[in-house]
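Bear in mind the structure is a predicted one, so any value in this text is a computation, not a measurement. Along the sequence shown, the residues carry numbers beginning at 1.
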Amino acid sequence: MKPETLVAQALHAIDQQTGDIVPPIQLATTYARDDQYALRGPMYARDENPIFRTVEQVLARLEGGTSALVFPSGMAAATAAIRACVKPGDHVIAPRVGYFAVRNWVQRFGARWGVHVETVDTTNLDAVRGALRPGKTKLVWFETPANPTWDVTDIAAICELAHAAGARVGVDSTCATPVLTRPLELGADLVMHSATKYLGGHSDVLAGALITRADDDVWAEAKLIRHDEGPMLGPVEAYLLLRGMRTLYVRVEKQCQTAMAIAQRLSGMCDVLYPGLPSHPQHATAARQMHGGFGGMLSIQTGGGADRALAVVKKLRVWVPATSLGGVESLVEHRASVEGPNSPTPADLLRLSVGLEHADDLFDDLAAALR
Ligand SMILES: *Cc1c(COP(=O)(O)O)cnc(C)c1O
């Protein structure tokens, strides 16, 4: 069956006793043994809860992986994935452009634990080829399309280079979503999502996910990190995530259409960064790698520095000025303000997360504010 069908029905998860077509939220943290002192199902809630299993099975099917793990945030998933791949002395390639908190964390982690973290422009295959140290590089990690300029990295090409050098490839696919790109099918070893964004989709649950291609030693380590350190999603959050994921395909398809329409209409008015526009530097890669759309995220550069960008934000009436992305309501954010003085993000850049409002209302609001 197609992923749309599997996710809409949450794998046809119907309760055998009651016929519930929605899995119940089970809050128990522990489970009674039977008169033979045997467990009937889970033992303890740090390891499992019936709803986690359903969520993880849906995620594994959506990404075409063998297994998935849920986490209480995208950061918990990303840090578990990266740590599972490396030991002190190893070399890691990290992206030049990408989600700020991950880029910051990997630098601090590397400095503290003796892991050589090298920042590379992963859209440049020659740069990646030059940075790989066969036998030493254990991981190439990147995000595509990447915050906040939506740089697109060629997953298949990077996998070929990295695997030849003995390195694994981990992809933060939060903004592509499994609707548009399935990195495991292009050769990646691990896929990570901030499920807080498109998977949850309603700005009401913080969650993360990892999906693996192989049930290997790195996956065993990722499972141990979650078991030993306890970054476990709560059952209510797991329920909300599953509920949100059922509408993933319709949301993302609509958000892609609206984002494309807005990107095209804004093009005459200011600089627009969107992988769907032929002017985007990696448009050709995006067209090959992303199916059915180019995502719901775009950025604009207003010109005139931070003052002008913030003045535009103040005039908006439809777009909500807030961080995060991937929800049903459109958000605008001035990334340089959030990232602080060492931010590499252009001062006049506004990041736009397109929701489910009418494209005309979203465009008219921006056009009036830019005028
Ligand atoms: C939000 C985000 C993260 C971090 O996820 P949290 O759920 O906020 O911990 C990581 N990567 C990307 C691309 C994100 O957008």
Atom [atom1] of [X] and atom [atom2] of [Y]: how far apart are they, to the nearest 0.5 Å?
X	Y	atom1	atom2	value
Thr196	His202	OG1	NE2	14.0 Å
Leu11	Ile14	CG	CD1	11.5 Å
Arg103	Thr119	CZ	OG1	8.5 Å
Phe71	Ile225	CZ	CD1	7.5 Å
His280	Thr149	NE2	OG1	7.0 Å
Arg83	Glu221	CZ	CD	8.5 Å

[X] versus [Y]: any side-chain heavy-atom pair under 4.5 Å?
X	Y	value
Met192	Ile82	no
Asp121	Val97	no
Met297	Pro145	no
Val55	Met245	yes
Tyr249	Pro3	yes
Leu206	Glu237	no
Phe142	Val169	yes
Leu62	Leu6	no

Exercise. What do you reckon, is CZ of Arg265 surrounded by more than 12 foreign heavy atoms closer than 6.0 Å?
Worked result: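 Atom CZ in Arg265 is crowded, with more than 12 foreign heavy atoms closer than 6.0 Å.
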Problem set entry | Over 12 non-hydrogen atoms of neighbours within 6.0 angstrom of CZ in Arg246 |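 Yes, because the 6.0 Å sphere around CZ of Arg246 holds more than 12 heavy atoms from other groups.
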Problem set entry | Salt-bridge present (Asp216, Arg168; N to O < 4.0 Å) | yes
Exercise. Does the pair Lys136/Glu118 count as a salt bridge with the N-to-O cut at 4.0 Å?
Worked result: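 The answer is no: the pair does not qualify as a salt bridge.
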What is the minimum heavy-atom distance between [X] and [Y], and which atoms define it?
X	Y	result
Gly187	Arg213	O-NH2, 3.3 Å
Pro72	Leu233	CA-CD1, 3.7 Å
Arg46	Met232	O-CE, 3.5 Å
Met75	Ala101	CE-O, 3.6 Å
Gln289	Leu186	CG-CD1, 4.0 Å
Leu190	Val218	CD1-CG1, 4.1 Å

So does [Y] get a backbone contact from the side chain of [X], meaning a donor-acceptor N/O pair under 3.5 Å?
X	Y	answer
Asn49	Gln26	yes
His283	Pro275	yes
Gln9	Ile21	no
Thr247	Gly244	yes
Gln255	Val354	yes
Thr181	Pro183	no
Glu56	Val70	yes
Ser173	Val191	no
Ser299	Pro148	yes
Asp90	Lys87	yes

For this session: Go through Lys223 and Asp215 one step at a time and tell me if the side-chain contact (heavy atoms from CB on, under 4.5 Å) criterion holds.
Result: CA-CA 11 Å; Lys223 285 198 277 195; Asp215 194 0; 4.0 Å; yes
Exercise. How would you list all residue pairs meeting side-chain hydrogen bond (donor to acceptor under 3.5 Å, both in side chains) that involve residues 302-320, not counting sequence neighbours?
Worked result: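 Non-adjacent pairs meeting side-chain hydrogen bond (donor to acceptor under 3.5 Å, both in side chains): zero.
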For this session: May I have the step-by-step check of side-chain contact (heavy atoms from CB on, under 4.5 Å) for Asn147 and Phe100, ending in yes or no?
Result: CA-CA 8 Å; Asn147 269 284; Phe100 184 65; over 6 Å; no
For this session: Apply the side-chain contact (heavy atoms from CB on, under 4.5 Å) test between Asp154 and each candidate in Arg288, Glu160, Gln282; give the one that qualifies.
Result: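 Answer after filtering Arg288, Glu160, Gln282: Arg288.
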Problem set entry | Test side-chain hydrogen bond (donor to acceptor under 3.5 Å, both in side chains) applied to Ser353 and Glu333, step by step | CA-CA 9 Å; Ser353 170; Glu333 186 170 55; over 6 Å; no
Does [X] share a hydrophobic cluster with [Y], counting links as ILVMFWY side-chain heavy atoms below 4.5 Å and allowing steps through other members?
X	Y	result
Leu349	Tyr99	no
Met43	Leu27	no
Val320	Leu352	no
Leu180	Val171	no
Ile300	Leu325	yes

Problem set entry | Full working for salt bridge (Lys or Arg N to Asp or Glu O under 4.0 Å) between Lys197 and Glu143 | CA-CA 14 Å; Lys197 314 297 168 53; Glu143 175 184 332; over 6 Å; no
Exercise. When you look at Ser330 and Val318, which way does the side-chain contact (heavy atoms from CB on, under 4.5 Å) test go after all the steps?
Worked result: CA-CA 8 Å; Ser330 293; Val318 180; 5.9 Å; no
Exercise. Among pairs that include at least one residue of residues 32-65, which meet ring pair (Phe, Tyr, Trp, His ring centres under 6.0 Å), considering only residues two or more places apart or in two chains?
Worked result: none
Exercise. When you look at Phe294 and Leu277, which way does the side-chain contact (heavy atoms from CB on, under 4.5 Å) test go after all the steps?
Worked result: CA-CA 9 Å; Phe294 295 92; Leu277 295 179; over 6 Å; no
